[in-house]
Amino acid sequence: KSSLLLGLAGLLTPEAGRVTLDGNDLAALHPRTRAQAIGYLPQDPAIAWDVAVAALVALGRLPWRDRGAAQVEAALAALDLAPLRHRPVSQLSGGERARVLL
């Protein structure tokens with residue numbers, strides 16, 4: 001399962017065969033197109049910078065090259081993170097951090 005997910009995310013190249021998404025070879029997709037279609041959250045993710053919750057959620061909009069304020073607000077609301085929006089991720093519990101990364 002892990003190898004398949006890594007292959008779908010473009011983080012692992014298959015030794016044989018190919019991985020497709022909606023009939024398109026993932027190896028031929030532009031990285032931005034793949035990032036817009038597939039999200040990958042590792043089991044033990046590392047957060048490189050101690051940024052505020054809202055800033056980290058906004059990074060999910062990078063494949064679209066916009067800040068997507070409405071989408072960020074919707075994600076914060078859907079995961080009950082709006083009250084934590086200004087809190088640094090280093091001050092979150094494990095469950096809160098998992099929701100932010102999702």
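When reading the values below, keep in mind they use all heavy atoms of this one structure, side chains included, and skip hydrogens, waters and symmetry mates. Quick note: residue numbers are just sequence positions, from 1.
- Looking at D25, its side chain never comes within 3.5 Å of a backbone N or O of T20 through a donor-acceptor pair.
- Using a distance-only test at 3.5 Å, with no hydrogens or angles considered, a donor-acceptor pair links the side chain of R32 to the main chain of P63.
- No continuous path of ILVMFWY side-chain contacts below 4.5 Å connects L41 to L21, so the two sit in separate hydrophobic clusters.
- A continuous path of hydrophobic side-chain contacts links L102 to V72 [ILVMFWY only; heavy atoms under 4.5 Å].
- Taken to the nearest 0.5 Å, the CG atom of L92 stands 8.5 Å off from the CG atom of D50.
- For the atom pair CG (L62) and CD (Q36), the distance works out to 11.0 Å, reported to the nearest 0.5 Å.
- Between atom CZ of residue R99 and atom CG of residue L79 there is a gap of 7.0 Å, rounded to the nearest 0.5 Å.
- Results of the side-chain contact (heavy atoms from CB on, under 4.5 Å) test with L12 over V19, L4, L6, L5 single out L6 as the only residue that passes.
- Two residues are said to be in side-chain contact when any heavy atoms from C-beta on lie closer than 4.5 Å; E96 and R87 meet this criterion.
- Of all heavy-atom pairs spanning G68 and R61, the tightest one is CA-NE, 3.7 Å.
- Within the 4.5 Å cutoff, the side chain of L101 has heavy atoms near those of the I47 side chain.
- Checking L84, L56, L76 one by one against V100, the side-chain contact (heavy atoms from CB on, under 4.5 Å) holds for a single residue, L56.
- Checking side-chain atoms of R97 against main-chain N and O of V89 turns up a donor-acceptor pair under 3.5 Å.
- Within the 4.5 Å cutoff, the side chain of E73 has heavy atoms near those of the R85 side chain.
- Scanning all heavy atoms of the two residues, the minimum distance from A35 to W64 falls at O-CH2, 4.5 Å.
- Note: the hydrophobic cluster containing L59 also contains L81 (ILVMFWY, side chain heavy atoms under 4.5 Å, direct or indirect links).
- Using modelled atom types, one side-chain atom of R34 and one backbone atom of L26 make a donor-acceptor pair closer than 3.5 Å.
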